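Here is the structure we will look at, set down as structure tokens.
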Amino acid sequence: MRLLLLLLLCLCEAQSQVATRPNIIVLMADDLGIGDPGCYGNKTLRTPGIDRLASEGVKLTQHLAASPLCTPSRAAFLTGRYPIRSGMAAENRLGVFLFTASSGGLPTREITFARLLKDQGYATALIGKWHLGLNCHSKADFCHHPIHHGFDYYYGLPGTNLRDCKPGGGSVFTTAFKSMVFIPLQIIGVAVLTLAVVNCLGLLRVPHAVFFCLLLLAALILGLFLAFLHYFQPLNCFLMRNLEIVQQPISYDNLTQRLTTEAAQFIRRNTKTPFLLVLSYLHVHTAHFASKAFAGRSQHGVYGDSVEEMDWSVGQILNVLDALQLASNTLVYFTSDQGAHVEEVSTKGETHGGSNGIYKGGKGNNWEGGIRIPGILRWSGVIQPGQEIDEPTSNMDIFPTVVKLAGSPLPKDRVIDGRDLMPLLQGITHRSEHEFLFHYCNAYLNAVRWHPRNSTSIWKAFLFTPNFTPKGANGCFSTHVCFCFGKFITPHDPPLLFDISKDPSERSPVTPSTEPRFHEILRVMREAADSHTKTLLEVPNQLSLGNIFWKPWLQLCCPSSGLSCRCDREKQDQRVSR
């Protein structure tokens, strides 16, 4: 009888745990600065949806991206691990995937929180941007696709939103065009003209074959350039539903509304089942876009319009939860993948990047402006509303947080760098579990952060810093994004040391004369960095040059569209998605 009662109690406890497992909604902006939402101090952008979320939940003021670039940051967020552990950190200039027909991506051996939640019976969906690869060896293996990383349903852009995807939006390849097209054409032109003059003056007899070969080379370069301009948009900028292309090239008309509708429908389909929804916005990465209802309404041009339209979408998702009475059983998390891209300036001089508030730098570097991001969590009835927590936290922390809430054990065969946020959010503890955090610039350890256990200080030591251009600027405007090695950086020995708790804008580094413990602090941080480095295993580099270049055999194209790779099945496809 006692054994029977014990079994019944265990069964009731298990049923109670299953019944209280929360739904999880992740709302991730792209390149949104921490100075953009009203709840973080902005007075001129209207963000009532995000502000409402903050007032009803917890606002993290020292929430950090694991990387200041899209691809590695998102890999870390989904896996709870520094991107270098999965090979999602480049050793060259290109730190992200630019082509959907490349072979790199989030390795299949990596475990995402989506996969663990799916194993626990959650319905899972990713709506919006992916940017973590598609195929490995053929255009049908989809080894890096969201479907193979734990998401039951996918609707969105498999790559990233680029200027090149929007007619008239410009190009991210301008520097490459200059070095690979315009300069070679100029050299060939000068060579042909010089040889022609020399030949006419009789100083040297130049065979006609030489002129022919030079002109043929110029025609080849120009032809490839024009072909790239013509075909890049349809080949690289397309919308998928699960494994099928539904729009190629992508249309920006009411795109945010379409993403929001897909997200709302997924929620409504799963009111009786615990679910995970990741709504990954294309806003506010360039090219900027907004529907007619938002175009021209903000005080900050097309960037502001994009922010306010995205905020509208956040509000719509909250309204759906209210209408379905799911707010008390849903953890909502809002964030950005990294800081605002300060170098985004249009050819007309319009600022297309956002605000990082008081913080230095931005996307692409590890100054606070590049990695300090919005972090807002709401779970009505569980997390006390109106809180503000100024402890170091990471976007990697979402992994262990939601995995534990779903009742899944953490993987034992790998290092998980994230920490469970619930004790901090619920006031059980008032200290972050992160004593040390490591900031990578691509594959290079760039800075170390130390929050001593018995101190309010937060030390940040830079091993190198990017060379901003032009001198005195707040970004690398000559290269559009800061690079991580060679002539693009300044090494520091001893490291450049800041106390973030007193100098969050990183304006005044401490020195041995201003900080008596200067050398002791750096010694502890070096030891921590050495211990961390010893935990890194050698893995294939997913962002190597061989993995990121375009491969014709991996190129996806609309079925039955011939060689044009153009189709629009959005209006035709009325199937009820699963």
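Note that the coordinates shown come from a computational prediction; the quantities given were computed from them, not determined experimentally. Just the heavy atoms: all of them, side chains too, but no hydrogens, waters or symmetry mates, feed the values below.
- Using cut-offs of 30° and 60° for the angle between ring planes, the Tyr333 and His63 rings count as perpendicular.
- Under the 4.0 Å criterion applied to side-chain N and carboxylate O atoms, Asp31 and Lys129 are not assigned as salt-bridge partners.
- For His341 and His480, the ring centers sit closer than 6.0 Å to each other.
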Could you go through Cys484 and Cys441, starting from their C-alpha distance and side-chain angles, then the distance that decides it, and tell me whether this counts as disulfide bond (SG atoms under 2.5 Å apart)?
CA-CA 6 Å; Cys484 307; Cys441 186; 1.9 Å; yes
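- Ring geometry for Tyr444 against Phe485 counts as tilted: the plane angle lies between 30° and 60°, on a 0 to 90° scale.
- For the residue pair Asp397 / His434, a side-chain donor-acceptor distance below 3.5 Å is found, with atom types taken as modelled.
- Glu350 and Tyr303 share no side-chain donor-acceptor pair at under 3.5 Å.
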> When you look at Ser280 and Arg74, which way does the side chain to side chain donor-acceptor pair (under 3.5 Å) test go after all the steps?
Replying inline: CA-CA 10 Å; Ser280 179; Arg74 290 164 184 268; 2.8 Å; yes
With side chain to side chain donor-acceptor pair (under 3.5 Å) as the test, would you mind laying out the steps for Ser291 and Glu309 before giving the verdict? CA-CA 8 Å; Ser291 61; Glu309 183 172 46; 2.7 Å; yes
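- Using cut-offs of 30° and 60° on the angle between ring planes, the pair Phe488 and Phe483 is perpendicular.
- Between Phe289 and Tyr252, the angle of the ring planes lies from 30° to 60°, which puts this pair in the tilted group.
- A donor-acceptor pair shorter than 3.5 Å cannot be found between the side chains of Ser86 and Gln542.
- Pairing each heavy atom of Asn356 with each of Gly33, the nearest pair is OD1-CA, 3.5 Å.
- Aromatic ring centres of His532 and Phe436: separated by at least 6.0 Å.
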Open item on the list: Under the criterion salt bridge (Lys or Arg N to Asp or Glu O under 4.0 Å), I'd like the reasoning laid out for Glu110 against Arg81: C-alpha separation, chi angles, the key distance, then a yes or no.
Closed with: CA-CA 10 Å; Glu110 288 297 321; Arg81 290 153 51 83; 3.0 Å; yes
Would Glu344 and Arg163 satisfy salt bridge (Lys or Arg N to Asp or Glu O under 4.0 Å), going step by step from the backbone distance to the final call? CA-CA 11 Å; Glu344 280 288 5; Arg163 290 176 177 228; 2.4 Å; yes
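- When the disulfide (SG to SG under 2.5 Å) test is applied to Cys70, no partner is found at least two apart in sequence or on another chain.
- Using a 4.5 Å heavy-atom cutoff, the side chains of Lys363 and Leu69 are in contact.
- To the nearest 0.5 angstrom, Leu27 atom CG is 12.0 Å from Ser336 atom OG.
- In this structure, the side chain of Asp51 engages the main chain of Cys39 through a donor-acceptor pair within 3.5 Å.
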Below 3.5 Å, can you tabulate the donor-acceptor pairs from side chains in residues 313-321 to any protein atom, sequence neighbours excluded?
from: Ser313; atom 1: OG; to: Thr260; atom 2: OG1; distance (Å): 2.7
from: Ser313; atom 1: OG; to: Tyr281; atom 2: OH; distance (Å): 2.8
from: Asn319; atom 1: ND2; to: Gly315; atom 2: O; distance (Å): 3.3

Salt bridge (Lys or Arg N to Asp or Glu O under 4.0 Å), that's the test. Do Arg297 and Asp311 meet it? Break it down for me. CA-CA 13 Å; Arg297 287 183 51 187; Asp311 179 82; over 6 Å; no
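- Checking Asp164 against Ser171 by side-chain atom types alone, a donor-acceptor pair falls below 3.5 Å.
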